[in-house]
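Only one structure is covered here, and it is reproduced in the block below.
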Amino acid sequence: MFEEWREVLTRERVLGLVSVVIGLVIIAVAALFIEGGQVAEFFDDKLGTLFAPPSQPTLYILGALCCFAGGWQLYKGFRSTNVLLGTVGFLAVASFLIGITSGQRMNLPGLLQTTLTSATPLTLGALCGVLCERAAVINIAIEGMMLFGAFAAIAATSLSGGNHWIGMLAAVLVSGLMAALHAVLSVTYKVDQIISGTVINILAAGATRYMKIRLLSPAGLNSPGAIPTVRIPVLVDLPIVGKFFENDPTVFIMLFLLVVVQFIVFYTPWGLRTRSVGEHPRAADTVGIDVIRIRYMNVIIGGLIAGVGGAYFSLGLGQFEDNMTHGQGFIALAAMIFGNWTPLGSFFAALIFGFADALQGKMQALKVALPPEFLQMAPYILTMVILAGVIGRAVPPAADGQPYEKQ
Amino acid sequence: MSEREVRLPAGDETIEAVAEARRPSVLQVYRRPLLGICWGLVALIVLAVVGIVISKTGIGFILPLFGLLMLVTLALVTVLNGSLAWLEGAIVPVLAVVTALIIGAIVIAITDPQVLATLPNFLQDPAIVLQSAWQAISTAYQALLEGCIGSPAKISAGLEAWIVEGNARPFVSSMRPISESITKSIPYILAGLAVALGFRAGLFNIGAEGQFVIGGLCSVVVGYSVEGLPTYIHLPLAVFAGAMAAGLWAAIAGVLKAWTGAHEVINTIMLNWLAFRLVEWLLREPLESVQGTHRTAEILPTAELPRFFPYPIRLHAGLLIALAAAVFVYWFLWKTTWGFELRTVGANPDAARYGGISIGRNIVLAMLLSGALAGLAGAGESLGMTRNMTLGFQAGYGFDSIALALLGGSHPLGVVLASLLFGALRAGGTRMMSVAAIPLEITAIVQSMVIIFIAAPDIVRALYGLRAKEEEMVPTVIIRGWGS
């Protein structure tokens with residue numbers, strides 16, 4: 001059944017059709033919902049208005065371009081579908097932005113800043129995933145590790161009298177401890193890695209809520225206040241990009257870790273060993289690499305990084321809430337898959353998710369007539385679309401998910 | 001198509017093992033006299049029970065006598081088998097649950113405010129700390145026990161009142177805890193079957209929670225919006241709507257896996273979040289009955305699952321649905337060609353493909369059925385218990401079902417037994433919360449410990465110094481990376 005459908009509806013044709021439909025939708029929306037003569041104004045705090053295209057004509061042009069791209073794909077075909085996807089994606093996002101700002105004003109650099117902030121925990125989670133899966137240990141416990149981290153951060157901050165950096169350290173350590181549990185279960189006891197990860201997720205949801213009700217809230221330890229933002233003196237005064245330099249400290253830590261992990265995985269002997277363990281553990285063992293040790297180290301280091309991501313949630317808010325990670329750990333995993341198991345790729349994927357998240361917030365602020373729940377669904381739907389491989393086929397490490405039996 | 005176990009030619013070790021097993025045990029040597037004693041005891045107990053009921057005195061002894069009768073039966077089974085082999089399959093799950101409960105006790109003790117307050121004096125007076133820890137644990141677990149089984153004294157007194165005076169009320173209310181345990185296990189049975197069926201087909205359905213909500217919601221909507229139907233049409237219709245909606249919801253993940261190879265774990269989790277958001281919106285706007293209550297209208301009486309007993313006991317006909325579903329899943333998986341194909345795809349997809357079985361079709365079918373079972377759980381809960389839909393309806397049943405399926409070895413009978421245990425834990429946990437002020441989440445901690453010990457039986461064996469067994473008890477779910 002599926003095989004036959006696949007032959008008629010090849011990926012190229014489906015994408016072409018989808019592009020045409022998107023173009024038509026843009027034109028229809030412009031004609032039906034946008035009043036003529038309205039202007040979508042995008043501004044910056046320091047420069048004032050950046051550009052203000054008249055919304056309806058611009059949307060017509062963008063929609064037509066979108067249809068044309070889809071038609072070209074059906075008629076001749078682009079050399080690579082990624083070109084089509086990039087073009088249509090850009091056109092669709094631009095139209096969307098113009099559509100929702102039509103008749104109002106939007107702070108464009110502000111949107112981009114929120115994108116980076118929202119992408120921070122996702123990137124940290126994805127880095128954890130990259131380290132684990134490059135060593136062939138599937139880690140769906142990122143969510144749980146982050147939740148434990150978020151809890152530990154608040155508890156330690158309160159106990160230390162408001163020192164957020166001690167909170168951060170505690171988050172990192174506790175999350176690392178959970179990662180060690182994952183490593184013990186999945187590497188030593190060869191428990192199915194998905195089950196082991198699920199256990200940690202269930203434990204995290206239960207245990208943090210338990211301790212919050214039993215210990216944190218009665219002792220009044222659940223409100224140490226948010227972590228102060230970091231301001232980099234000169235750069236902050238630049239127009240447009242200036243906003244990036246006044247941010248949650250976690251953002252800067254994330255950028256630093258991103259570079260470090262990318263370097264470690266691809267340019268150091270450690271990274272080479274890790275990758276070989278992920279692709280062909282037996283061969284790696286034969287040349288004298290300690291497969292078990294590499295897996296342990298990678299999973300635990302990954303857990304430490306996920307802890308920073310957990311701290312972002314609670315320290316940024318200044319308190320711990322039940323289930324405050326909201327499935328971001330799983331979205332991080334999707335970002336990692338979309339980013340083809342590389343740190344930099346994951347970061348760009350995380351930026352896309354972050355953009356969806358930021359847009360959702362902006363739309364609530366702009367009072368777009370859509371229920372907020374639908375906007376909150378966007379990242380989850382995006383995850384499913386990306387996982388379905390609409391955008392290129394990802395190739396996981398060959399031994400991903402298989403326990404290693406030493407012979 | 002039939003399955004046959006293929007045995008490898010026996011090596012030297014197997015022969016030795018067989019020889020050891022043939023050596024007669026003490027039980028076998030003295031089998032005859034032991035059997036005689038056992039039967040004599042049984043006869044005595046039966047006589048005593050009959051005598052007590054007829055003479056209507058000493059009725060309080062009935063319960064302990066029943067306990068003794070069960071022990072004797074177990075002893076009889078052991079003697080008849082000549083060994084404890086029949087217990088072996090149960091030993092790891094039982095030890096896992098016991099260990100998890102012990103860990104739960106430790107957690108309760110170290111998070112108890114009383115214990116924490118006395119902790120600074122530990123070096124001077126350790127006895128006080130230990131005493132308050134013991135106090136905390138015993139209060140909590142006593143509440144747990146009373147919440148799930150009830151107090152034997154009350155049951156005995158109720159029984160006495162019923163038989164002697166003909167007043168059934170005290171007996172009925174004394175049975176409430178135990179009925180509550182069974183009632184709470186109904187959604188567990190169905191959701192556990194959902195996950196177990198997925199496991200058998202090599203799929204990990206983490207989305208039972210979302211499917212549970214979708215099923216409950218659709219049943220409620222059909223339950224209050226369709227009017228003028230007799231019960232025997234309306235009730236099945238509402239149940240079917242819930243099951244079907246949840247099945248289709250889960251089938252999205254199945255189709256995506258079959259078609260594109262996208263892994264069902266992430267997709268079912270994403271579907272969970274989508275379901276929660278969708279229901280939040282529906283309860284906030286279109287389906288809300290009274291502004292600001294975030295709940296739907298009550299279902300019509302024709303869509304209610306009937307309850308078996310008067311008020312304090314809430315046991316409802318969902319139990320029959322759950323047990324029927326367990327039988328159906330067993331029949332489907334082991335007695336039909338479709339079920340065989342499903343299990344083949346789960347056990348070895350390459351062999352299935354080689355044998356001409358369509359993998360895609362079976363993945364979609366498995367997700368559909370799995371979702372439908374989870375939806376039935378939601379339907380049973382909403383039509384039998386809550387009778388409307390509110391926020392937080394799911395209450396963790398879907399996530400707990402993963403532990404259930406593992407504990408029950410992905411077998412319907414195992415799932416039913418494990419569900420009774422979890423239902424009891426939940427009923428007891430609720431009482432523990434009200435009596436000992438211990439958050440309900442302690443059960444989540446205990447359950448995750450159960451999963452750990454079941455999934456890694458070596459830990460349990462190491463803890464209790466047991467020898468490793470040849471074959472694993474839990475069917476292996478092999479997750480093959482992210483692609484298909």
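Taken from CD in A:Gln376 to CD in B:Glu280, the straight-line distance is 7.0 Å, to the nearest 0.5 Å. Atoms CD1 and CD1, from B:Ile452 and A:Ile202 in turn, are 10.0 Å apart once rounded to the nearest 0.5 Å. Taken from CG in A:Leu185 to CG in B:Asp458, the straight-line distance is 11.5 Å, to the nearest 0.5 Å. The OG1 atom of A:Thr198 lies 3.5 Å from the CZ atom of B:Phe204; values are rounded to the nearest 0.5 Å. Atom CE of A:Met211 is separated from atom CD1 of B:Ile445 by 7.0 Å, given to the nearest 0.5 angstrom.
Both the backbone and the side chain of A:Leu203 have a heavy atom closer than 4.5 Å to some heavy atom of chain B. B:Ile402 touches chain A through its side chain: at least one heavy atom from C-beta onward sits under 4.5 Å away, while N, CA, C and O do not. Residue A:Ile331 touches chain B through both its backbone and its side chain, counting heavy-atom pairs closer than 4.5 Å. Both the backbone and the side chain of B:Ile459 come within contact range of chain A, with heavy atoms under 4.5 Å apart. Proximity to chain A (any heavy atom under 4.5 Å) is shown, for B:Ala253, by neither the backbone nor the side chain.
Taking all atoms of both residues into account, the shortest heavy-atom contact from A:Val199 to B:Ser448 is CG1-O, 3.7 Å. What you find for A:Ile195 and B:Ala455 is that their closest heavy atoms are CG2-CB, 4.1 Å. Closest approach of B:Met270 and A:Gly327 over heavy atoms only: CE-O, 4.4 Å. Between A:Gly206 and B:Ala444, the closest heavy-atom pair is CA-CB, 3.8 Å.
For B:Arg426, the salt bridge (Lys or Arg N to Asp or Glu O under 4.0 Å) test picks out B:Asp400, with sequence neighbours left out.
By the 4.5 Å heavy-atom criterion applied to side chains, B:Leu271 and A:Met384 are counted as neighbours. Residues A:Ile194 and B:His263 are in side-chain contact: their nearest non-hydrogen atoms beyond the backbone lie under 4.5 Å apart. You'll find the side chain of B:Glu441 stays beyond 4.5 Å of the side chain of A:Lys212, heavy atoms only.
The aromatic rings of A:Tyr380 and B:Trp273 sit parallel, their planes meeting at an angle under 30°, below the 60° perpendicular limit.
Heavy-atom pairs under 4.5 Å with chain A were tallied for B:Leu274, B:Leu256, B:Ile451, B:Thr443; the largest tally goes to B:Leu274. Most heavy-atom pairs under 4.5 Å with chain A: of the set B:Ile206, B:Ile252, B:Ile438, this distinction falls to B:Ile438.
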Under 3.5 Å, sequence neighbours excluded: what are the donor-acceptor pairs made by side chains of residues 109-119 of chain B?
{"unit_1": "B:Thr111", "atom_1": "OG1", "unit_2": "A:Tyr210", "atom_2": "OH", "d": "2.9"}
{"unit_1": "B:Thr111", "atom_1": "OG1", "unit_2": "A:Arg214", "atom_2": "NH1", "d": "3.0"}
{"unit_1": "B:Thr111", "atom_1": "OG1", "unit_2": "B:Val107", "atom_2": "O", "d": "2.8"}
{"unit_1": "B:Thr111", "atom_1": "OG1", "unit_2": "B:Ile108", "atom_2": "O", "d": "3.4"}
{"unit_1": "B:Asp112", "atom_1": "OD1", "unit_2": "A:Arg214", "atom_2": "NH2", "d": "3.2"}
{"unit_1": "B:Asp112", "atom_1": "OD2", "unit_2": "B:Gln114", "atom_2": "N", "d": "3.2"}
{"unit_1": "B:Asp112", "atom_1": "OD2", "unit_2": "B:Val115", "atom_2": "N", "d": "3.4"}
{"unit_1": "B:Thr118", "atom_1": "OG1", "unit_2": "B:Gln114", "atom_2": "O", "d": "3.2"}
{"unit_1": "B:Thr118", "atom_1": "OG1", "unit_2": "B:Val115", "atom_2": "O", "d": "3.0"}

